[in-house]
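The chain is numbered in sequence order, starting from 1.
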Amino acid sequence: MQNPGNAHSPTARTLTLPGGRDLHLAAATRTAGETFSAEDVELMMQGVKENTRLALHRAWKHVLTFTGDNGYLECPMPVETCVKLINYAWTVEGRYGRPMSPESVLQWMWAVTKAHKVARRPDGIRGYVSPVKSEEVQKALSGYRSRWVAAGHRPDMATPIEPDELIDMVATCDIRSPIGLRDALAFALL
């Protein structure tokens, strides 16, 4: 009878992958030397929308500016550094000369999380735990939003449609056609 409790025993059961590879040996094998080919990168880039890539790139540039100017590590980023990054966002000029919006700061946190997911550790395993989900960082994000609103800043949103404006919009619809009737009905339900 085999002894499953002792992995070093010659009779111990081993988990094997299809093809006969030992699972424990495969898990212990370092993979830091592996790289993606140009074709691999192109395939992955096709799976990401252009505006998503651009937003991530802009957010990551802000993270790199902060860490480079202050001598911090980007990855793995300690929780304390992540809170400092949020506080730093108040000094960065955003739209209309305001500090960075809370939504922009959330994009920075998204970039930090992405970096932590794909970074290789010295032992060759991919991924670090992101500091963004920590309680301290979440409190800092909430505090930043409160400070931004208290300073009189508001998100870029359209003003609500007034009843007089809605009446004017309905009047422009040609209710003799099915499309105009549909549009008038949609405005009326508004």
Undergrad: Any donor and acceptor pair, going by atom type alone, linking the side chain of Ser146 with main-chain N or O of Ser142 inside 3.5 Å?
TA: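 It does hold such a pair.
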Undergrad: Give the minimum heavy-atom separation between Gly180 and Cys173, together with the two atoms involved.
TA: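 So the two residues come closest at O-CB, 3.6 Å.
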Undergrad: What's the spacing between His62 NE2 and Trp108 CH2 if we round to 0.5 Å?
TA: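 CH2 of Trp108 is found 5.5 Å from NE2 of His62.
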Undergrad: With Ile175 as reference, evaluate Leu185, Leu181, Val170 under the side chain to side chain contact (heavy atoms under 4.5 Å, CB included) test and give the passing residue.
TA: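 Single side chain to side chain contact (heavy atoms under 4.5 Å, CB included) partner of Ile175 among Leu185, Leu181, Val170: Leu181.
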Undergrad: Can you measure from OG1 (Thr113) to CE (Met77) and round to the nearest 0.5 angstrom?
TA: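 If I round to the nearest 0.5 Å, the distance is 10.0 Å.
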Undergrad: Taking the side chain as everything from C-beta on, heavy atoms only, tell me whether Gln138 gets closer than 4.5 Å to Glu135.
TA: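 No; the side chains remain at least 4.5 Å from each other.
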Undergrad: Applying a strict under-4.5 Å side-chain criterion to I, L, V, M, F, W and Y, I'd like to know whether Met109 and Tyr128 cluster together.
TA: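 No, Met109 and Tyr128 fall in different hydrophobic clusters.
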Undergrad: Indicate, with yes or no, if Trp110 and Val63 share a hydrophobic cluster defined by side-chain heavy-atom contacts under 4.5 Å among Ile, Leu, Val, Met, Phe, Trp and Tyr.
TA: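 Each belongs to a different hydrophobic cluster.
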Undergrad: Leu54 versus Glu50: any side-chain heavy-atom pair under 4.5 Å?
TA: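 The answer is yes, as the side chains (C-beta and beyond) meet within the 4.5 Å cut-off.
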Undergrad: So, do Val132 and Cys82 sit near enough that their side-chain heavy atoms are less than 4.5 Å apart?
TA: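 In short, these two side chains touch, coming nearer than 4.5 Å.
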Undergrad: Is Trp90 reachable from Tyr88 through a run of I, L, V, M, F, W or Y residues, each pair having side-chain heavy atoms under 4.5 Å apart?
TA: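 Hydrophobic grouping puts Tyr88 with Trp90.
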Undergrad: Is there a continuous path of hydrophobic side-chain contacts, each under 4.5 Å between heavy atoms, that joins Val105 to Val79?
TA: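 Same hydrophobic cluster.
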Undergrad: Are the side chains of Leu85 and Tyr72 in touch, meaning some heavy atoms are under 4.5 Å apart?
TA: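 The answer is no, as the side chains (C-beta and beyond) never meet within the 4.5 Å cut-off.
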Undergrad: Looking at side-chain heavy atoms only, is the closest gap between Leu106 and Tyr144 below 4.5 Å?
TA: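 The answer is no, as the side chains (C-beta and beyond) never meet within the 4.5 Å cut-off.
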Undergrad: Within the distance-only criterion (no hydrogens, no angle test), does the side chain of Arg145 pair as donor or acceptor with the backbone N or O of Pro102 below 3.5 angstrom?
TA: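 No.
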Undergrad: Got a sec, which pairs hit side-chain hydrogen bond (donor to acceptor under 3.5 Å, both in side chains) with one end in residues 167-178, sequence neighbours left out?
TA: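 Only Asp174-Arg176 qualify under side-chain hydrogen bond (donor to acceptor under 3.5 Å, both in side chains).
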Undergrad: Going from CH2 on Trp148 to CD on Glu103, what distance comes out if it is rounded to the nearest 0.5 angstrom?
TA: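 Interatomic distance, Trp148 CH2 to Glu103 CD, rounded to 0.5 Å: 6.0 Å.
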Undergrad: Taking all non-hydrogen atoms of both residues into account, name the closest pair between Ala140 and Val83 and its distance.
TA: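 Heavy atoms only, the tightest pair is CB-CG1, 4.0 Å.
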Undergrad: Are more than 12 heavy atoms, taken from residues, nucleotides or ligands other than Leu64, located less than 6.0 Å from that residue's CG atom?
TA: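 Counting neighbours around CG of Leu64, more than 12 heavy atoms of other residues, nucleotides or ligands fall under 6.0 Å, so yes.
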Undergrad: Would a distance-only check, ignoring hydrogens and angles, find a side-chain to backbone donor-acceptor pair under 3.5 Å from His116 to Val112?
TA: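 Yes, the answer is positive, given that a donor and an acceptor are paired below the 3.5 Å cut-off.
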Undergrad: To the nearest 0.5 Å, what is the distance between CD1 (Ile86) and CZ (Arg147)?
TA: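 That separation rounds to 10.5 Å.
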Undergrad: Any heavy-atom pair between the side chains of Phe66 and Lys84 that's under 4.5 Å?
TA: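 Side chain of Lys84 against side chain of Phe66, heavy atoms only: contact under 4.5 Å found.
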Undergrad: I'd like to know if the side chain of Arg126 and the backbone of Ala119 have a donor-acceptor N/O pair within less than 3.5 Å.
TA: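 No; judged by distance alone, with no hydrogens or angles, the pair does not exist.
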Undergrad: With rounding to the nearest 0.5 angstrom, report the OG1 to CG distance, Thr65 to Asn70.
TA: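 One gets 10.5 Å once the value is rounded to the nearest 0.5 Å.
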Undergrad: Taking the side chain as everything from C-beta on, heavy atoms only, tell me whether Glu80 gets closer than 4.5 Å to Glu136.
TA: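 Not in contact.
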Undergrad: Are any of the side-chain heavy atoms of Leu73 and Thr81 separated by less than 4.5 Å?
TA: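 Counting from C-beta outward, Leu73 and Thr81 never come under 4.5 Å.
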